[in-house]
Structure formats: C-alpha cells, structure tokens
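Take a look at the structure set out below.
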Amino acid sequence: MSQKRMSEVGTSQQELDQEQRLFSFKTTQWIWLIFGFVEILIALRVVLKLIGANPASPFAAFIYYVSSIFLSPFAGLVNTPTSGGMVLEISSIIGMLVYALLAWGIERIVWVFFYRPRG
C-alpha cells in the first residue's frame with residue numbers, strides 16, 4: 001500500500017512538471033507570434049516607404065496606420081533620409097531591433113520562471 005502511494009505522488013509531480021513545460025512552450029510560441037506580427041508590419045512599412053509606395057493606397061495606408069502605433073516611441077529618434085519619393089526610415093529599423101530584443105527578453109524570462117527540465 002505504501003509503495004502504491006509513492007508511485008502516485010511521483011506520477012502527479014511528473015505530470016505537474018510536464019504541464020509547466022507545456023505552458024512555457026506554448027507561452028513562448030505566443031510571444032514570438034505576437035512580436036513576429038509586429039516585426040512583419042514594421043518591415044512592410046520600411047519596404048513600402050523605401051520603394052515610394054503611394055500613401056493614398058488602402059493597403060499602404062493600413063500598414064502605415066497600424067505600424068505607426070508600434071513606432072510612436074521611436075518617432076523623431078534620428079533623421080530620415082529621403083531621395084525623390086523614397087524614404088529610408090532608420091527609426092523603424094531601430095524599432096524592429098528593439099522589439100526583437102524585447103521579445104527575446106520576455107521569452108527568456110518565461111523560460112527562467114516556468115520551465116522545469118525533465119529528470
């Protein structure tokens with residue numbers, strides 16, 4: 001009887017560790033998905049500005065509007081070189097780097113606090 005109780009406790013601890021590993025894995029997937037979406041929006045903005053896309057186009061206007069929400073902290077950080085209708089938004093590229101570092105940092109924090117290795 002005592003042996004049976006010991007195995008049940010070991011199994012429940014194993015299941016708890018497995019649930020924590022699954023939680024940390026799923027959480028990091030969501031973090032990368034969300035920040036990946038932000039990165040893609042900003043990258044599209046950089047490309048559209050670089051090729052001189054028409055800002056009156058509905059697609060370009062949508063991308064500019066949504067990405068401006070995420071780029072507002074970086075507005076006016078550095079000068080923006082222009083040539084003709086083309087614009088190189090260096091502040092947007094800096095924003096992409098900052099968001100990538102932020103995603104990596106949050107992902108690491110989740111792993112430190114929630115990941116439980118096997119064994």
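Keep in mind that what you see is a predicted model, and the values were worked out from it rather than measured. Along the sequence shown, residues are numbered consecutively beginning with 1.
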### Task
Sequence neighbours left out, what passes side-chain contact (heavy atoms from CB on, under 4.5 Å) with V47? Give chain and number order.
none
### Task
Following the transitive rule for hydrophobic clusters with a side-chain heavy-atom cut-off under 4.5 Å over Ile, Leu, Val, Met, Phe, Trp and Tyr, establish whether M96 and L101 coincide in one cluster.
no
### Query
If you look at every heavy atom in W111 and S24, which pair is closest and at what distance?
CZ3-OG, 3.9 Å
## Note on the structure
Residues passing the side-chain contact (heavy atoms from CB on, under 4.5 Å) test with T27, sequence neighbours excluded, are F23, I31, V110
#### Entry: Shared hydrophobic cluster, L44 / V98 (ILVMFWY, side-chain heavy atoms < 4.5 Å)
yes
### Query
Among all residues two or more places apart in sequence or in another chain, which pass the side-chain contact (heavy atoms from CB on, under 4.5 Å) test with T80?
V87, E89
### Query
Looking at CG of L71 and CG of L77, how far apart are the two atoms once the value is rounded to the nearest 0.5 Å?
11.0 Å
### Query
How many angstroms lie between OG1 in T82 and NZ in K49, if you round to the nearest 0.5 Å?
11.0 Å
### Message
Hydrophobic clustering (ILVMFWY, side-chain heavy atoms < 4.5 Å, transitive) - are I40 and W30 grouped together?
### Response
no
### Message
To the nearest 0.5 Å, what is the distance between CG on L48 and OH on Y64?
### Response
5.0 Å
### Query
Minimum heavy-atom separation for I42 to S92, with atom names?
CG2-O, 3.5 Å
### Task
Using the rule that two of Ile, Leu, Val, Met, Phe, Trp, Tyr join whenever any of their side-chain heavy atoms come within less than 4.5 Å, decide whether L97 and L102 are in one cluster.
no
### Query
Should Y65 and V38 be regarded as members of a common hydrophobic cluster, given that ILVMFWY residues are connected when their side-chain heavy atoms come within less than 4.5 Å of each other, either directly or indirectly?
yes
### Message
Any non-hydrogen side-chain atom of S83 less than 4.5 Å from a side-chain atom of L88?
### Response
no
#### Entry: side-chain contact (heavy atoms from CB on, under 4.5 Å) between W32 and W104, worked out
CA-CA 8 Å; W32 286 117; W104 178 80; 4.1 Å; yes
### Summary
Closest non-hydrogen contact found for A60 with P55 is CB-CA, 4.5 Å
### Query
Between T28 and E107, which heavy-atom pair has the shortest distance, and what is it?
CG2-CG, 3.5 Å
#### Entry: Shortest non-hydrogen contact between E39 and A100, atoms and distance
OE2-N, 3.1 Å
### Query
Which value, rounded to the nearest 0.5 Å, describes the distance between I34 atom CD1 and Y99 atom OH?
13.0 Å
